[in-house]
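Just so it is clear, the model here is predicted, and its values are computed rather than measured. Letters A, B, ... are given to chains in the order of the sequence lines, protein chains preceding strands, and every chain is numbered from 1. Worth knowing before you read on, the calculation uses all heavy atoms, side chains too, and leaves out hydrogens, waters and symmetry mates.
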Amino acid sequence: MLQRREKLKKLRAMGINPYPYKFDRTHTTAEVLQNYTALENQTVRVAGRIMSRRHMGKAAFMHIQDMHGKIQIYLKKDVVGDRLFEVYRLLDIGDIIGVEGQVFKTRTGEITIQVQSFELLCKSLRPLPIVKEKIVDGKRIVYDPFSDKELRYRQRYVDLIVNPEVRQVFIKRSRIIATMRQFLDSRGYLEVETPILQPIYGGASARPFVTYHNALGMKFYLRIANELYLKRLIVGGFEGVYEFAKDFRNEGMDRFHNPEFTQMELYVAYRDYHWMMQFTEELISSVAREVLGTTRITFQGQEIDLTPPWRRLPLFEAIKEYTGMDLSEADEPQLREAAERLHVTVEDGWGAGKIIDEIFSEFVEPNLIQPTFIIDYPLEMSPLAKRHRENPRLVERFEPIIAGKEIGNAFSELNDPLDQRERFEQQMRLRELGDEEAQVLDEDFLRALEYGMPPTAGLGIGIDRLTMLLTDQPSIRDVLLFPAMRPEKEVAPENETENGDGE
RNA sequence: GAGCCCGUAGCUCAGCUAGGUAGAGCAGCGGCCUUUUAAGCCGUUGGUCGCAGGUUCGAUUCCUGCCGGGCUCACCA
């Protein structure tokens with residue numbers, strides 16, 4: 001770093017602004033590489049960050065990288081002249097330059113820009129990790145990888161510069177969201193925004209983050225879901241609304257959980273969960289087709305076929321299939337007994353729903369690799385879902401499960417205000433029994449339902465998990481640009497080089 | 001929250017389980033090299049071995065605590 005500051009001074013002494021204002025480029029690196037035949041011997045202007053350098057006396061090869069890739073440039077002293085070559089000598093890996101030159105192929109066949117002139121666009125003061133790579137039989141072998149996960153997450157900017165596959169993941173994430181949005185818009189659904197700061201949190205079972213509004217002198221909660229607000233909008237007469245929502249849940253973190261995460265929630269009037277299942281498999285498979293070009297994907301070594309239709313499997317049938325036990329008629333004591341036989345640990349406060357959920361997640365869920373809709377959940381697990389039309393102990397709910405993990409949640413929405421009130425009251429009783437995740441009664445939401453909400457189907461898709469699936473990433477942190485981390489103690493200021501004037 | 005593991009130069013790591021104040025490759029710096037590509041060759045700088053204690057004549061190395069991280073488990077999407 002010291003040396004780089006010295007170089008900076010020398011450049012300034014030469015009358016060069018190391019941080020100029022702009023550079024007009026004619027092509028990106030990828031455009032030059034793709035259009036080589038048309039561009040051969042033509043002059044192009046390309047900009048990027050110096051990623052490697054091979055110096056050879058009075059000439060040098062470098063690779064510069066922009067958002068779309070890397071291209072080699074070749075710089076000769078007798079072409080650029082003494083002064084620019086002097087400037088070149090003061091460049092480092094990590095600096096950003098703009099070059100102008102002719103496109104040609106080297107003896108070894110690599111498309112390269114013969115630099116006529118170049119301009120320093122940004123002097124980099126901090127050395128970048130140098131990742132070396134070699135292409136053997138079309139495969140990229142990486143040497144000295146920048147692989148420390150903590151550093152990669154904390155300094156994602158470095159990760160993005162140095163690891164092209166990381167860049168790809170986030171480009172795909174962006175395209176997944178863009179494609180979903182197009183899909184939803186093309187169906188005429190309205191994208192809306194609802195409060196993140198909520199006086200009463202609801203729509204899911206989870207513990208919230210709490211904050212405080214000074215002027216109002218009251219607590220606010222960061223939303224754990226946006227369900228109840230979106231349903232208010234259905235009451236208001238919008239017949240299809242959706243929101244890509246950052247939600248916040250005050251829970252532990254692991255491979256599948258980050259305290260803030262993104263959900264797409266969609267509500268469509270006059271539809272039920274059967275319709276929503278079809279919609280969901282269409283949505284996901286067409287996103288895959290659009291972003292990956294196929295509905296057959298590989299996730300962590302497993303082949304997964306997202307082509308519709310997906311299997312529909314009632315929850316209790318699934319449990320029966322994987323445990324051999326029919327629990328559809330079991331009451332709570334019987335469920336406890338079943339759990340014990342299956343060696344599933346259950347706690348005293350748990351109700352029937354929770355025990356079933358536990359058995360399901362342990363014995364069934366991990367086995368559901370191919371996309372499956374688990375349908376028809378017990379009533380007590382789903383306080384916002386409508387009672388099953390054939391079985392009053394169940395609700396019309398489904399979760400799409402892929403690669404052993406749920407990536408969403410949906411139901412025929414409960415629109416009977418009296419039933420909804422009872423369900424809330426049931427939740428409040430659970431809360432009093434110590435279940436911190438039980439849902440909170442929302443009087444205004446009930447008031448809205450009392451005005452009348454049409455039959456409605458609702459869906460939530462976990463965007464982070466979907467992205468993991470479609471980009472084959474094992475951890476949620478690999479699909480979040482800035483995953484939650486404890487703060488660093490301090491970022492080293494690195495000021496000690498600057499004392500007095502330069503030499 | 002619990003268990004296991006990790007924290008040594010800018011990056012990736014070795015040395016530590018036979019305790020005597022550190023090593024490699026890459027990067028950097030100097031030199032040679034005008035089609036190289038993990039460029040090469042010669043030379044060279046660089047580390048309070050995460051932090052704080054303890055044991056010891058002496059600790060990167062052993063012990064304890066703390067901080068940060070990873071993986072697994074528990075809870076949840």
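- Within the nucleic acid shown, R255(A) comes within 4.0 Å of sugar-phosphate atoms alone, with no base atom in reach, counting heavy atoms only.
- A donor N or O paired with an acceptor N or O is not found under 3.5 Å between the base of U36(B) and the side-chain atoms of E110(A).
- Ranking U36(B), C29(B), G31(B) by closeness to the R89(A) side chain, first place goes to G31(B).
- Remark: A39(B) base-pairs with no nucleotide; criterion is Watson-Crick or G-U wobble with both hydrogen-bond distances under 3.5 Å.
- Taking side-chain N and O atoms only, K134(A) has no distance below 4.0 Å to OP1 or OP2 of A39(B).
- Across every strand in view, C62(B) sits in a pair with G54(B) that passes the Watson-Crick or G-U test at under 3.5 angstrom.
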Taking only nitrogen or oxygen atoms into account, show me every contact under 3.5 Å that the protein makes with nucleotides 1-6 of chain B, one pair per line with its distance.
none

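- Using a 4.0 Å heavy-atom cutoff across all strands shown, Q263(A) reaches no nucleic acid atom at all.
- Separation of the C1' atoms belonging to C11(B) and C57(B) is 38 Å when rounded to the nearest angstrom.
- No contact: D357(A) has no heavy atom under 4.0 Å from any strand.
- The phosphate of G69(B) has OP1 or OP2 within less than 4.0 Å of a side-chain N or O from R154(A).
- Taking only side-chain atoms of Y74(A), from C-beta outward, the nucleotide of C11(B), G68(B), U35(B) with the closest atom is U35(B).
- Contact of S147(A) with U12(B) (side chain to base): no donor-acceptor pair of N or O atoms is detected under 3.5 Å.
- As judged by a 4.0 angstrom heavy-atom cut-off over every strand, K149(A) is placed among residues touching the sugar-phosphate backbone only.
- Within a 6.0 Å sphere centred on CZ of R89(A), other residues, nucleotides and ligands contribute 12 heavy atoms or fewer.
- Using a 4.0 Å cut-off, some side-chain N or O of K132(A) falls inside it from OP1 or OP2 of A39(B).
- Between G30(B) and U45(B), the two P atoms lie 14 Å apart (nearest whole Å).
- For the P atoms, the distance from U56(B) to C71(B) is 40 Å, rounded to whole Å.
- Rounded to the nearest Å, the gap between the P atom of U12(B) and that of A22(B) is 23 Å.
- For the pair F256(A) and A77(B), the ring geometry does not qualify as stacking, because the centroid separation below 5.5 Å and plane angle under 30° are not jointly satisfied.
- Using a 4.0 Å heavy-atom distance criterion, K354(A) is classed as a sugar-phosphate-only contact.
- In this structure, S52(A) reaches neither bases nor backbone, as no heavy-atom distance under 4.0 Å exists between it and the strands shown.
- Residue-environment remark: CD (E340(A)) stays at or below the threshold of 12 foreign heavy atoms within 6.0 Å.
- Within 4.0 Å of D148(A), counting heavy atoms only, lie sugar-phosphate atoms of the nucleic acid but no base atom.
- Comment: K105(A) does not engage E110(A) in a salt bridge, judged by the lack of any side-chain N to carboxylate O separation of less than 4.0 angstrom.
- The CZ atom of R223(A) sits 11.0 Å away from atom CZ of R249(A), with the distance rounded to the nearest 0.5 Å.
- Between Y88(A) and F85(A), the ring-plane angle classifies as tilted under the 30° and 60° cut-offs.
- Nucleotide U48(B) is matched to nothing when pairs are restricted to Watson-Crick or G-U wobble geometry with both distances under 3.5 angstrom.
- Considering only side-chain N and O atoms, K58(A) lies nowhere under 4.0 angstrom from the phosphate OP1 or OP2 of C32(B).
- Residue-level contact check: E358(A) touches the backbone only, with heavy atoms under 4.0 Å from sugar-phosphate atoms and none from bases.
- Picking from U36(B), A77(B), C33(B) the nucleotide with the shortest atom distance to the side chain of T112(A) gives U36(B).
- Within 6.0 Å of CD on E165(A) lie more than 12 heavy atoms contributed by other residues, nucleotides or ligands.
- Between G3(B) and A74(B), the two P atoms lie 16 Å apart (nearest whole Å).
- When distances are taken from the side chain of F104(A) to each of G28(B), G10(B), U35(B), the shortest belongs to U35(B).
- Atom pair D159(A):CG and U12(B):P shows a separation of 11 Å (rounding to whole Å applied).
- Taking only side-chain atoms of Q3(A), from C-beta outward, the nucleotide of U34(B), A27(B), G28(B) with the closest atom is G28(B).
- Atom name P, nucleotides G19(B) and C62(B): the rounded distance is 9 Å, in whole Å.
- G20(B) and U61(B) are spaced 11 Å apart, taking the C1' atom of each and rounding to whole Å.
- Between M56(A) and T106(A), the residue anchored nearer the 5' end of RNA chain B, judged by the nucleotide with its closest heavy atom, is T106(A).
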Q. Hey, mind stepping through V44(A) and L39(A) against side-chain contact (heavy atoms from CB on, under 4.5 Å) and telling me if it holds?
A. CA-CA 8 Å; V44(A) 295; L39(A) 290 172; 4.2 Å; yes

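- By the 30° and 60° cut-offs, the orientation of the rings of F398(A) relative to F373(A) is perpendicular.
- For F146(A), whose side chain is taken as the heavy atoms from C-beta onward, the closest listed nucleotide among C11(B), U35(B), G28(B) is C11(B).
- Set against G28(B), A38(B), U34(B), the side chain of A59(A) has U34(B) as its closest nucleotide.
- If you look at F183(A) and F279(A), their ring centroids are closer than 6.0 Å.
- Note on R152(A): nothing from the nucleic acid sits closer than 4.0 angstrom, heavy atoms only.
- Separation of the C1' atoms belonging to G25(B) and G15(B) is 15 Å when rounded to the nearest angstrom.
- A cation-pi arrangement, defined by a distance under 6.0 Å to the six-membered ring centre and an angle within 45 degrees of its axis, is absent between K386(A) and F411(A).
- Using a 4.0 Å heavy-atom cutoff across all strands shown, D254(A) reaches at least one base atom of the nucleic acid.
- Each of Y153(A) and R107(A) has a nearest nucleotide on RNA chain B; the 5'-most of these lies closest to R107(A).
- Here I135(A) lies out of heavy-atom contact (under 4.0 Å) with every strand.
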